[in-house]
Amino acid sequence: MNQKKTILVTGATGAQGGSVAKALLAENNFAVRILTRNGQSEKALALQQAGAEVVTGDLDDRESIRNAMKGCYGVFGVTNFWEHFEKEYEQGKNLIDAVKEMNIEHFVLHTLPDYNKLSNGTYPTPHCDIKAALQAYTVSQNIPATFMQVAFYYENFFTFFPLQKSADGGYSFGFPQGETKLAMVSIDDLGPVVAAVFNHPAEYIGRTVGVVGADDTCYEYAAAMSRVLDKKVSYQYIPRDEYAALGFDGAEELANMFEVQRLYIPQRQIDLIESYGLNPAMQPFERWLIKNKNRFTAMMKAEDAIIA
Ligand code: NAP
């Protein structure tokens, strides 16, 4: 019997790595090992229950990462700006150096475009620019790698951008995207895309793959919400400077992100087509909304209770 090759999944207790680990486990072509700082967390134990090997380690600790990669064929890498901020670069470099030292045969790394460069240095956006620098560093090391550029999650409507009650009795969301299309995706759909990439190394090593489930304007997303949720939902364009001045943590960073997208990324249709080719079960926004209608309804009721 052939021994299955092993893939180490980082961030497996989180959104991206979780989606990848679940897809690889479901497909069962590879053995799955996960790296976590806490092997006793509920999510780590659930993945262990589902068949993953759990290894404790930390992206700040190079030795622990090398140890986790022993005997691995592949690695899925994701770094988390929103917990570690600028330290993300160092952590990503630790991961990449370990991939090189351990002779990993296929490294799949989550990255993003360099928004600072796209805007000719006008809008530095560290959570994107750092990931672009990590992609460049991986390439400079001649590592056999594929880069996944994941669009804005649909699930952000449950976390960073919940619907707000508006003066007209409906609901709204707002940021500086304007009339430019915003590429989005359900994080659940990333895993099968990454699994397909791991299954076809010859085709995907050396490539950057955009992961996109929908590529519409925010006005169109709001219209879809109005149809599915039976409530009036509108999108409110908030200009970049106004958004940056809102004062919450990360306001300037997110204002720059949306402004670069508004001005320099008009659409991602090619990424959309390739994503559906790699994962035919990819969810269009409206189908995802229907599946999550109860969750939205509960969120809107909670919002009504706060206002009342
Ligand atoms: P998440 O759900 O918050 O999960 C973070 C994961 O990182 C956890 O599994 C955590 O594992 C792991 N982690 C954090 N620090 C670690 C460390 N020092 N050593 C080892 N593991 C560590 O995050 P996510 O959404 O999957 O990914 C975050 C990244 O996605 C961000 O950098 C963001 O820029 C990017 N992104 C987000 C969007 C979006 O729309 N939200 C779109 C594209 C890209 P343990 O806690 O178990 O150790």
Side-chain angles (χ1 to χ4, degrees), residues 8-22 33-48 52 54-69 75-95 98 109-115 125-135 147-162 173 175 177 182-191 193-194 209-214 221 250 253-254 256-258 260-261 265 268 271 275 285 288:
L8 177 73
V9 180
T10 70
T13 58
Q16 293 204 21
S19 179
V20 171
K22 277 178 208 144
R33 186 182 292 167
I34 70 154
L35 176 86
T36 172
R37 289 166 296 176
N38 176 11
Q40 294 306 310
S41 72
E42 209 174 297
K43 287 185 174 167
L45 292 173
L47 285 165
Q48 190 172 42
V54 177
V55 175
T56 306
D58 192 314
L59 293 178
D60 286 325
D61 174 356
R62 290 156 153 264
E63 184 58 40
S64 74
I65 316 173
R66 280 195 295 268
N67 178 51
M69 286 180 196
V75 170
F76 172 75
V78 57
T79 48
N80 190 5
F81 177 83
W82 298 106
E83 181 177 347
H84 304 287
F85 303 99
E86 268 70 10
K87 209 173 153 199
E88 180 183 25
Y89 184 78
E90 206 51 45
Q91 294 180 337
K93 188 171 175 299
N94 287 343
L95 178 69
L109 178 65
H110 165 62
T111 64
L112 288 169
D114 189 328
Y115 278 35
T125 311
H127 78 282
C128 303
D129 307 339
I130 288 172
K131 291 182 183 71
L134 291 171
Q135 175 162 340
F147 304 102
M148 312 300 299
Q149 299 198 336
V150 181
F152 190 83
Y153 311 163
Y154 298 157
E155 288 80 2
N156 286 338
F157 285 117
F158 297 130
T159 54
F160 291 110
F161 305 101
F173 62 95
F175 36 69
Q177 187 70 26
L182 172 67
M184 294 186 75
V185 68
S186 168
I187 200 60
D188 292 342
D189 296 338
L190 168 68
V193 176
V194 172
V209 177
V211 186
V212 174
Y221 293 128
E253 168 95 23
L254 290 172
N256 285 0
M257 177 188 84
F258 287 115
V260 174
Q261 291 170 175
I265 308 180
R268 292 183 63 185
D271 291 342
S275 297
F285 184 64
W288 175 85

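Whatever order the structure lists ligands and atoms in, that order sets their numbers, starting from 1. These numbers were taken from a predicted model, which means no experiment stands behind them.
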Pocket residues of ligand 1, ordered first by chain and then by residue number (heavy-atom cut-off under 4.0 Å):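 Around ligand 1, where the cutoff is 4.0 Å for heavy atoms, the contacting residues are Gly11, Ala12, Thr13, Gly14, Ala15, Gln16, Thr36, Arg37, Asp58, Leu59, Val78, Thr79, Asn80, Phe81, Trp82, Glu83, His84, Glu88, Gln91, His110, His127, Lys131, Val150, Ala151, Phe152, Tyr153, Asn156.
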Check: Asn38 and Thr56 side chains under 4.5 Å, non-hydrogen atoms: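 Thr56 vs Asn38: side chains apart.
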Heavy-atom side-chain contact between Phe147 and Val209 under 4.5 Å: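 Sidechains of Val209 and Phe147: no contact.
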Asp271: side chain to side chain donor-acceptor pair (under 3.5 Å) partners, not counting sequence neighbours: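 Expected list: Arg268.
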Set of residues satisfying side chain to side chain donor-acceptor pair (under 3.5 Å) with respect to Lys93, sequence neighbours excluded: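 Listed in chain order: Asp97.
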Mutual orientation of the aromatic rings belonging to Phe285 and Tyr154 [parallel < 30°, tilted 30-60°, perpendicular > 60°]: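 Because their plane-to-plane angle is over 60°, the rings of Phe285 and Tyr154 count as perpendicular.
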Residues forming a side chain to side chain contact (heavy atoms under 4.5 Å, CB included) with Ala98, sequence neighbours excluded: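 Only Ile65, Arg66, Met69 meet the side chain to side chain contact (heavy atoms under 4.5 Å, CB included) criterion with Ala98.
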